[in-house]
Undergrad: 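Here it is, the structure in full.
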Amino acid sequence: KAGFEWGYLLYLPKDIDTSERLPILFTMNNSGPASSVEEMEKNTLEEVTYNRSIYIFPDTLKVPMIMPLVIRPEEGNLDPHNFNRVAFLSQDKQYKRLDLQVLAMVKDARKQLKKRGIKTHKKILIAGYSAAGSFGEHLTFLHPDKVLAAATCGHLYPTFPLKEKDGIALFFPIGAYDVKQVTGKDFDKKNWLKVPILHTNGKIDYNDPMPWEVMIPEERNLILDVYGYGKTAVERWEFAKKLLEATAPNVQTHTYPNMEHAPVLKDMVKFLEVHKNGGPLKPIKLTDTSDRTPPLPIYVSALYWGQEAPIKTEREYLGDN
């Protein structure tokens, strides 16, 4: 009745200031595929119990955190954790307009917090890595009037604030072409340009969804048409980065050298801390990872997934280690 089909977790850090209005921090669950709701909830609870890094955001910012409990089916190309095109278009009651369901969860969470004497800001903060970063970016794109700031990383294909490029229609989540057709409201570019967004990736992040089932052929073909054929995942990210820099002055982008598919949490927290009250983008100084030693598994997984990884570098690294 409250407008959402799933449960959610609500976390309160210690020693929060109840004298001022606090923004709620939103992050999507990213517990992987599951065969049942029970399995998904078990996996998510284990993740938030044992992966303590997730608490760096609410504990440092001293704000409540909300995490939906949404299942990602084991079969098929529906991926609600990253809110891919199939999820965006879904008419299934459980998955239909997950963006609106999340906003309804936030509204409900405000009521729960109010009972505890905690006043909340009408806008939220967003943090997310990998699929959860993708969901956070898509939520910001569709509802910029509800977001103070967003820090995302580890997803190679951002949504561009364009309806078309070079005569090619950019449908969501690549662009804004069919946002009005699906949601009934046009892309709110004016408000989106007011939201400070951090979007970063690692230079050796080969976690490319292009070959995976979750990216439907229509979306894959559009990316190839726009980004260009024959490019590696990292080269496509660099293309996206340049296009964002040219069209989105509210987005700070960065490529971390020697960083695989992993978040630089301190930078994400720092960005949200600087933009905790909204306002225009204030670019932050980001961590230099050039002295980081890349872990062996990322190279093995890059080759395993069939990516066009720089083989010469692979051989040199494997030979040295």
Side-chain angles (χ1 to χ4, degrees), residues 2-9 26-48 66-106 126 128-143 150 152-160 169-185 187 207-224 233 236 261 305-306:
F4 50 94
E5 299 293 321
W6 307 89
Y8 65 83
L9 299 175
F26 164 79
T27 189
M28 190 62 172
N29 72 317
N30 187 18
S31 52
S35 58
S36 66
V37 172
E38 292 74 22
E39 183 185 356
M40 173 272 295
E41 290 183 345
K42 177 177 176 289
N43 292 344
T44 305
L45 287 168
E46 285 181 355
E47 175 73 10
V48 299
I66 184 173
M67 178 186 285
L69 288 163
V70 181
I71 191 172
R72 176 181 163 192
E74 286 188 316
E75 304 293 333
N77 49 25
L78 175 70
D79 188 356
H81 289 175
N82 92 20
F83 201 42
N84 68 345
R85 183 159 178 81
V86 177
F88 177 60
L89 298 176
S90 177
Q91 295 301 303
D92 184 309
K93 185 182 178 183
Q94 282 190 303
Y95 299 105
K96 186 175 181 179
R97 293 303 305 276
L98 269 174
D99 56 318
L100 295 181
Q101 290 195 48
V102 164
L103 294 180
M105 291 179 191
V106 171
I126 290 177
Y129 153 65
S130 196
S134 182
F135 192 106
E137 190 207 15
H138 296 161
L139 184 67
T140 304
F141 195 85
L142 295 174
H143 304 280
T152 69
C153 70
H155 57 106
L156 293 168
Y157 303 106
T159 307
F160 301 117
L170 306 182
F171 55 67
F172 188 84
I174 307 303
Y177 180 76
D178 62 344
V179 167
K180 185 175 182 180
Q181 179 184 333
V182 177
T183 69
K185 291 184 179 180
F187 168 51
N207 193 57
D208 184 6
M210 277 284 280
W212 303 346
E213 191 178 30
V214 295
M215 189 172 282
I216 57 176
E218 180 186 16
E219 190 174 354
R220 187 179 293 114
N221 292 337
L222 177 59
I223 286 174
L224 292 173
R236 284 197 288 268
H261 188 59
W305 284 110

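Heavy atoms only: backbone and side chains are in, while hydrogens, waters and symmetry mates are out.
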Undergrad: Measure across V106 and I66 and return the closest heavy-atom pair with its distance rounded to 0.1 Å.
TA: N-CD1, 4.0 Å
Undergrad: Are I126 and T27 side-chain neighbours, meaning at least one heavy-atom pair lies under 4.5 Å?
TA: no
Undergrad: Does F141 have its ring centroid less than 6.0 Å away from the ring centroid of F187?
TA: yes
Undergrad: Rounded to the nearest 0.5 Å, what separation is found between the CE atom of M215 and the CG atom of N221?
TA: 11.0 Å
Undergrad: Determine whether the aromatic ring centres of Y129 and H155 lie less than 6.0 Å apart.
TA: no
Undergrad: For T159, does its backbone N or O pair with a side-chain atom of E137 as donor and acceptor, under 3.5 Å?
TA: yes
Undergrad: So, do F171 and E218 sit near enough that their side-chain heavy atoms are less than 4.5 Å apart?
TA: yes
Undergrad: If we ignore hydrogens and angles and just use 3.5 Å, is the side chain of T183 paired with the main-chain N or O of K185 as donor and acceptor?
TA: yes
Undergrad: Any sub-3.5 Å donor-acceptor pair from N84's side-chain atoms to N77's backbone N or O?
TA: yes
Undergrad: Any chance you could measure F26, atom CZ, to M67, atom CE, to the nearest 0.5 Å?
TA: 9.0 Å
Undergrad: Let's go through E219 and L222 carefully: what are the C-alpha distance in whole Å and the side-chain angles of both, what is the deciding distance for side-chain contact (heavy atoms from CB on, under 4.5 Å) to 0.1 Å, and is it a yes or a no?
TA: CA-CA 5 Å; E219 190 174 354; L222 177 59; 5.8 Å; no
Undergrad: To the nearest 0.5 Å, what is the distance between CD (Q91) and NZ (K96)?
TA: 4.5 Å
Undergrad: Where the side chain of T44 meets the backbone of L69, is there a donor-acceptor pair that is under 3.5 Å apart?
TA: no
Undergrad: Does the R72 side chain pair with the main chain of D79, one donor and one acceptor, at a distance under 3.5 Å?
TA: no
Undergrad: Apply ring-ring contact (aromatic ring centres under 6.0 Å, His included) to F88 and F172, showing your working.
TA: CA-CA 8 Å; F88 177 60; F172 188 84; 4.4 Å; yes
Undergrad: Taking all non-hydrogen atoms of both residues, which atom of W6 and which atom of F4 are closest, and how far apart?
TA: O-CD1, 3.0 Å
Undergrad: List the atom of S35, the atom of I71, and the distance in Å for their closest heavy-atom pair.
TA: C-CD1, 4.3 Å
Undergrad: Restricting to salt bridge (Lys or Arg N to Asp or Glu O under 4.0 Å), what partner residues turn up for K42, sequence neighbours left out?
TA: E46
Undergrad: In sequence, state the C-alpha distance, the side-chain angles, and the governing distance for Y157 and R236, and then conclude on side-chain contact (heavy atoms from CB on, under 4.5 Å).
TA: CA-CA 8 Å; Y157 303 106; R236 284 197 288 268; 2.8 Å; yes
Undergrad: In terms of the angle between their ring planes, are F135 and F83 parallel, tilted or perpendicular, with boundaries placed at 30° and 60°?
TA: tilted
Undergrad: If you compare all heavy atoms of H81 against all heavy atoms of S31, which two are closest, and at what distance to 0.1 Å?
TA: CE1-N, 3.6 Å
Undergrad: How many angstroms lie between atom NE2 of H143 and atom NE2 of H138, to the nearest 0.5 angstrom?
TA: 12.5 Å
Undergrad: Roughly how far, to the nearest 0.5 Å, is the CG atom of N30 from the CG atom of N43?
TA: 11.0 Å
Undergrad: For N82 versus S134, what's the shortest heavy-atom pair and its separation?
TA: O-OG, 3.2 Å
Undergrad: Salt bridge or not between R85 and D178? Use side-chain N to carboxylate O under 4.0 Å.
TA: yes
Undergrad: If you round to the nearest 0.5 Å, how far is CD of E47 from CG of L9?
TA: 11.5 Å
Undergrad: For D99 and L142, work out which heavy atoms get closest and say how close.
TA: OD2-CD1, 3.7 Å
Undergrad: Taking the side chain as every heavy atom from C-beta outward, state whether S90 and P80 have any atom pair closer than 4.5 Å.
TA: no
